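In this chain, numbering begins with 1 at the start of the sequence shown. Model, not experiment: these values are computed from the prediction.
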Amino acid sequence: MRRLLLSMPILLMPLVAAGQSLAGDTHELANRLLMQKPDQVVQLGPDAGMPLWRGSDGRWLALKVDSGNFAAAQRNDAPLQFSVIDASRAMSTDLTYGLGPNLQAHVGVSEHSWINNRAPRVIGSEIGATYNSGRYSVGLSVGANSTPNAAVLPRLLPGAAPGVNGLSGFDSSAQLNARGRLALDSKSGIDLGASVGRVRLLPGNLLGVNTLDQKAISFGVDRGPLSGGVVGRVMQPTVGIPGSGLNADRRWSSIDLGVTWRLPWQGELSIGAQNVWSSGNAVSTPAGPEPDQSRTPYVQYHQDL
């Protein structure tokens with residue numbers, strides 16, 4: 001037994017040497033990989049994306065998934081306004097295809113949901129293209145939003161009726177969007193956006209109209225971790241309804257204002273107000289309740305885990 005124990009180190013010496021050689025090769029391989037340039041990584045912009053494929057001709061495919069608070073969603077989804085006091089989260093998934101050095105096409109879906117999971121979700125989709133020269137970028141897209149099962153958005157909190165654009169009878173919408181960005185330097189830039197579209201309401205809604213035309217414009221500035229934006233919207237009936245007291249000249253206007261500070265620990269602090277200025281109110285008229293345009297200040301914190 002003692003001879004066997006004494007001879008085991010001698011028998012294991014080849015394996016130890018092989019292990020040392022393998023370890024050395026592994027470290028050397030890791031160092032070589034770390035020194036190589038990440039030619040398969042695609043830069044999509046300020047937010048991170050996951051590259052899926054890249055061809056030898058420069059074309060590439062990437063996936064981006066984002067989950068944030070409604071203050072962040074308001075900056076990215078300017079055409080529609082969601083109430084921040086009763087809405088909990090917004091998720092989006094985008095698939096981007098690089099057609100060339102400066103041209104990209106994308107298709108994406110989004111979901112807006114409320115605190116009460118029984119409330120209907122608002123599902124959005126968008127398809128478009130963007131030209132990016134590095135210093136500036138311009139893009140066009142077509143988007144649509146709808147509520148599954150055409151259910152009326154319920155009241156979740158006292159004094160607050162959930163809705164889209166202040167309308168609890170929201171059914172669906174379609175819009176044409178244009179976006180542009182001018183980079184002032186590597187850490188700052190200016191964003192511009194515009195949208196025209198149509199909002200459809202559920203049959204039998206209290207406002208007494210079926211569709212509303214909508215126009216929206218947005219302006220944003222960012223510098224390092226700080227960013228701010230202003231969004232203005234105008235809605236008006238598509239056609240006048242006889243006897244309803246509403247005609248094609250009736251309009252509802254509003255302006256939203258918000259500032260966001262991205263914190264070093266992957267958090268975001270947003271301060272702002274919806275309907276800082278508006279042309280209407282939430283009181284009932286002979287034609288029925290108008291879109292809720294009451295001023296709503298907010299402070300939100302979002303943490304990425």
Side-chain angles (χ1 to χ4, degrees), residues 41-55 57-68 70-82 90-112 121-148 164-165 170-183 189-200 211-222 227 229-235 256:
V41 176
V42 178
Q43 180 65 30
L44 297 180
D47 298 322
M50 177 183 295
L52 301 179
W53 167 82
R54 184 172 184 177
D57 57 354
R59 298 185 180 185
W60 49 267
L61 186 68
L63 179 68
K64 175 186 174 184
V65 179
D66 187 24
S67 175
F70 267 67
Q74 288 295 95
R75 299 192 305 270
N76 299 328
D77 195 10
L80 296 180
Q81 180 197 57
F82 294 85
M91 300 186 65
S92 63
T93 302
D94 292 281
L95 190 64
T96 305
Y97 181 59
L99 300 172
N102 305 108
L103 186 61
Q104 304 171 6
H106 72 274
V107 58
V109 294
S110 62
E111 176 189 82
H112 295 79
R121 301 166 299 164
V122 177
I123 306 299
S125 59
E126 184 181 76
I127 182 171
T130 302
Y131 177 82
N132 190 342
S133 69
R135 176 72 186 279
Y136 67 90
S137 64
V138 291
L140 290 174
S141 65
V142 177
N145 298 270
S146 62
T147 54
V164 181
N165 285 15
F170 175 85
D171 178 29
S172 62
S173 68
Q175 56 271 339
L176 174 65
N177 308 313
R179 300 183 178 96
R181 176 176 174 82
L182 174 64
I190 298 174
D191 295 284
L192 295 173
S195 172
V196 293
R198 179 161 294 180
V199 176
R200 295 176 178 83
T211 58
L212 297 170
D213 289 334
Q214 177 186 254
K215 300 179 180 66
I217 187 170
S218 63
F219 174 80
V221 178
D222 60 89
S227 61
V230 179
V231 181
R233 300 178 183 84
V234 177
M235 292 188 301
D256 300 341

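- Shortest non-hydrogen contact noted between L80 and S173 is CD1-OG, 3.7 Å.
- Side chain of N102 to main chain of N132: a donor-acceptor pair is present (N/O by atom type, distance under 3.5 Å, no hydrogens or angles).
- For A178 against L140, the heavy-atom pair with the smallest separation is CB-CD2, 3.7 Å.
- When all heavy atoms are compared, the tightest approach of R59 to L99 is NE-O, 3.9 Å.
- Looking at T96 and W60, their side chains come closer than 4.5 Å, going by heavy atoms from C-beta outward.
- Shortest non-hydrogen contact noted between V231 and S218 is CG2-CB, 3.9 Å.
- Between atom OG of residue S92 and atom NE2 of residue H112 there is a gap of 8.0 Å, rounded to the nearest 0.5 Å.
- Between the CG atom of D191 and the CZ atom of F219 there is a distance of 9.0 Å, given to the nearest 0.5 Å.
- Of the candidates N165, L212, V164, F170 forms a side chain to side chain contact (heavy atoms under 4.5 Å, CB included) with just one, namely V164.
- Q214 places no side-chain N or O within donor-acceptor distance of the main-chain N or O of V199, the cut-off being under 3.5 Å.
- Residues T130 and R181 form no side-chain contact, since every pair of their non-hydrogen atoms from C-beta on lies 4.5 Å or further apart.
- Atom CZ of R233 is separated from atom CE of M235 by 9.0 Å, given to the nearest 0.5 angstrom.
- Separating the CH2 atom in W53 from the CG atom in L63 is a distance of 15.5 Å, to the nearest 0.5 Å.
- Residues L61 and L95 are in side-chain contact: their nearest non-hydrogen atoms beyond the backbone lie under 4.5 Å apart.
- By the neighbour-count criterion of 12 heavy atoms within 6.0 Å, atom OH of Y136 is sparsely surrounded, having that number or fewer from other residues, nucleotides or ligands.
- A side-chain donor-acceptor contact under 3.5 Å links S141 and E126.
- The CD atom of E111 lies 13.0 Å from the OG atom of S125; values are rounded to the nearest 0.5 Å.
- Closest approach of S195 to Q175, counting heavy atoms only: OG-CB, 3.5 Å.
- Closest approach of G143 and N177 over heavy atoms only: N-ND2, 4.3 Å.
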